[in-house]
2 protein chains.
Amino acid sequence: MSFFQEQAVTSSDKTFFRLREEIVEGEIPAGAKLSEVELSTKYEVSRAVVREAINRLEACNIVERKANVGARVVTLTAEGLLELYQIREALEGMAARLAAQNMPEIEIEKLSNLLDDQFELVKQGQSYYQEAGDLDFHYRIIVGSQNQQLITMLSNGIYHLARMYRVQLGMTGPRVTTAYDEHKHIVKAIANRDGELAEILMRRHIQYSKNNIAVKLSKM
Amino acid sequence: MSFFQEQAVTSSDKTFFRLREEIVEGEIPAGAKLSEVELSTKYEVSRAVVREAINRLEACNIVERKANVGARVVTLTAEGLLELYQIREALEGMAARLAAQNMPEIEIEKLSNLLDDQFELVKQGQSYYQEAGDLDFHYRIIVGSQNQQLITMLSNGIYHLARMYRVQLGMTGPRVTTAYDEHKHIVKAIANRDGELAEILMRRHIQYSKNNIAVKLSKM
DNA sequence: TATAAGTAAATTGTCGACAATTTGAGGTTT
DNA sequence: AAACCTCAAATTGTCGACAATTTACTTATA
C-alpha cells in the first residue's frame, strides 16, 4: 500500500506517522481536538514529541492550529475536496507533461505492463479499481516527472489529504468503469513523448474523478 | 512589500519570521548549517523555540534536516529553480483560470486600475518591474481564484522559496520590458471570464520568466 | 603510512517543570 | 434576565537539564 516508504528514525517520526494514520483513516474524527497531554499519555511519549508531530501535521494541512488554543483535525467540506482536486489537476497534469519528456523508457514499459496485468483482473471480472492500483499508477507518473519538488509536494502533502477526504466522506473505491481506459491512453501519450496530450488526458482524468465525487456529494 | 501580513503572536512565530527573512535575503547563506544552540543564543530564546522555527522552515522547503545530524539551508541549484517555475506554471495557471470564474468584478477592476497606475510609471521611464508590483499582481490573481488551499500553498510555500532562489542566484528584478503587456492581457482575459485563455496566458507569462532566468543561468 | 578501533566533544532528541494564556463557572451589577 | 467582572482550572508556550547519537580526534595495529 505504501510505495515511497518513509522510515521513522526518531520518536517524533513514529508519533507523526501513527497520528497521521489514525486521522486519515478516521479513527480520530474530523474536527476533533488534539490535546497534547492526552496524546502524550496515550502514546507514552513526552509532550515535546507530540507537539512536533502536530506541527508536521499542520504543515500537511491535516490539522489546524491556533496559538495558545490548540490544534484540531481539519473539518472536511465538499468545497475543500473539490479545491483539492483542482490542485491535483494542475499538478498532476504538469507531472504527466514532464513524464512524457523525462520518464525513462524502461519505466514507461513497466508502467504499461502494470496496466496489462490489471487488465487481466478486469477481464476476470475483478472490479477495476482497487485504490492501491490507482495510487500506484498516479505515483509512477509523478516520479516519472523527475521534478523533485513536485514529487515531494504530491506525495507528502496532497495524497494523504485526498485520502482523508475520501475516507471521511465515505467515498473510498471510486468509479470502477472507465478509469482503466483513461490510464491506458495516458500511458500511450507518455510513450509517444507527447507531453501536451499527456497533460490534457491526465487533467481530464482527474476532472472526471472530481465530477464523479461532486455527484456523490450532491446526493448527501 | 508584504501583502497578506502574517502576524507573530508567539515567540516561535517571531523566530520563524526572522530566520526566514535572514535566509531568504541571503544573510544566512545557502548550505549553511543551522545550529540550534547557536541560534538560540543569537536570538535569546530557548532551543525549543528555535527547533520549532526550523521545523516550520523545513515544511516550507527552505531548510533540509537530517535526523540526529541537523538542519542546513537548502543548496540552490539551477535545476531546482527551473523545477520551481514548472510548479508555478501549473499552479498559477490554474489560479488564473479559477480567477476568471470566481474573482469579483470589483477586484478585477481594482487590479486593472493597479496596472494603469503602473503604466504611468512606465511612461515616465521608471522601469517596469519593481518586484513588489509584480508580486502584487500575481498575488491578487491567486487570491482571486478563491481556492483557499491554492492560496495557502502559493503564499506560504512557493513565493519565499522563489525569492530566495532569485536573491541567491543574483537575479532580482527580472526582465523589465514585456511583462507589463503580458499582465494586461491576462487581466483582460479574466475580465472577459475566459478561464481557458487566462490560464494559457499566465502559463506563457511564467514560461517567459523561466526562459529568461535559464538564459542568465547559462551565462554563469 | 594507512587503516581501524576507541574515546571525548559537540549536537540533536527527549523529558519534566514552570510561565503565560485561554476557558468556563460563579457571582455581581444594571 | 442579560451583560460584565473575578477567579480557578486547564491548556499551550517556553525553558533548562539529561539522554542518545553523531563527529572528530587520538591511539593502536598491520
Side-chain angles (χ1 to χ4, degrees), chain A residues 5-23 27-75 152 156, chain B residues 5-23 27-75 152 156:
Chain A
Q5 48 268 36
E6 319 154 289
Q7 59 182 2
V9 14
T10 79
S11 179
S12 283
D13 291 339
K14 287 186 213 112
T15 306
F16 168 62
F17 291 142
R18 181 166 170 189
L19 201 46
R20 184 179 64 185
E21 171 91 4
E22 292 194 14
I23 292 174
E27 287 180 64
I28 299 177
K33 174 103 198 290
L34 295 180
S35 162
E36 295 182 0
V37 289
E38 189 182 323
L39 291 172
S40 71
T41 58
K42 177 179 173 187
Y43 294 152
E44 296 175 315
V45 291
S46 82
R47 255 187 66 216
V49 322
V50 171
R51 257 183 91 78
E52 194 162 321
I54 290 178
N55 278 333
R56 287 212 249 169
L57 289 170
E58 187 190 13
C60 299
N61 295 104
I62 287 179
V63 313
E64 283 171 337
R65 150 174 278 177
K66 244 171 53 185
N68 288 313
V69 174
R72 311 193 82 91
V73 177
V74 291
T75 53
T152 303
N156 283 348
Chain B
Q5 47 268 46
E6 319 153 288
Q7 59 183 2
V9 12
T10 79
S11 179
S12 284
D13 291 339
K14 285 186 214 110
T15 306
F16 168 62
F17 291 142
R18 182 167 170 189
L19 200 47
R20 184 179 64 186
E21 171 92 5
E22 292 193 16
I23 292 174
E27 287 180 65
I28 299 177
K33 174 104 198 292
L34 296 179
S35 162
E36 295 181 1
V37 290
E38 189 181 323
L39 291 172
S40 70
T41 58
K42 177 179 173 187
Y43 294 152
E44 296 176 314
V45 292
S46 81
R47 253 187 68 215
V49 171
V50 172
R51 259 183 90 77
E52 193 162 322
I54 291 179
N55 278 332
R56 287 211 249 171
L57 288 171
E58 187 189 13
C60 298
N61 294 104
I62 287 178
V63 313
E64 283 172 336
R65 148 172 280 176
K66 244 172 51 185
N68 288 313
V69 173
R72 310 192 83 91
V73 177
V74 291
T75 54
T152 303
N156 284 350

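Each chain gets a letter, A, B and so on, in the order its sequence line appears, and its residues count up from 1.
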For [N] and [X] - does any side-chain N or O of the residue sit under 4.0 Å from the phosphate oxygens OP1/OP2?
{"X": "B:Lys33", "N": "C:dT12", "answer": "yes"}
{"X": "B:Ser46", "N": "D:dC15", "answer": "yes"}
{"X": "B:Arg47", "N": "C:dT12", "answer": "no"}
{"X": "B:Ser12", "N": "D:dG13", "answer": "no"}

Rounding to an integer number of Å, can you tell me how far [X] [atom1] sits from [N] [atom2]?
{"X": "B:Lys66", "N": "D:dA20", "atom1": "NZ", "atom2": "C1'", "value": "17 Å"}
{"X": "B:Leu39", "N": "C:dT11", "atom1": "CG", "atom2": "P", "value": "12 Å"}
{"X": "B:Arg51", "N": "D:dC15", "atom1": "CZ", "atom2": "C1'", "value": "14 Å"}
{"X": "B:Glu36", "N": "D:dT21", "atom1": "CD", "atom2": "P", "value": "16 Å"}
{"X": "A:Arg65", "N": "C:dT21", "atom1": "CZ", "atom2": "P", "value": "17 Å"}
{"X": "A:Ile54", "N": "C:dT14", "atom1": "CD1", "atom2": "C1'", "value": "16 Å"}
{"X": "A:Asp13", "N": "D:dT21", "atom1": "CG", "atom2": "C1'", "value": "14 Å"}
{"X": "A:Glu52", "N": "C:dC15", "atom1": "CD", "atom2": "P", "value": "11 Å"}

With side chains defined as the heavy atoms from C-beta onward, is the minimum distance between B:Thr15 and B:Leu39 less than 4.5 Å? no
With DNA chain C as reference, determine whether A:Val9 or A:Asn68 sits nearer its 5' end, using the nearest nucleotide of each. A:Val9
Ionic contact status for B:Arg51 with A:Glu52, cut-off 4.0 Å: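 A salt bridge is present here (some side-chain N lies under 4.0 Å from a carboxylate O).
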Pair B:Arg18 + B:Glu44: basic N to acidic O under 4.0 Å: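 So B:Arg18 does not pair with B:Glu44 through a salt bridge.
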Applying the side chain to side chain contact (heavy atoms under 4.5 Å, CB included) test to A:Val63, which of A:Ile54, A:Leu19, A:Asn55 qualifies? A:Ile54
What contact category does B:Leu34 fall into here, base, sugar-phosphate, or nothing, at under 4.0 angstrom with non-hydrogen atoms?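 The residue B:Leu34 makes sugar-phosphate contact but no base contact.
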Using a 3.5 Å distance criterion without hydrogens, assess whether the side chain of A:Arg72 forms a donor-acceptor pair with backbone atoms of A:Gly31.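 Present.
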Please pick, from C:dT23, D:dT12, C:dT14, the nucleotide with the shortest atom-to-atom distance to any side-chain atom of A:Val49. C:dT14
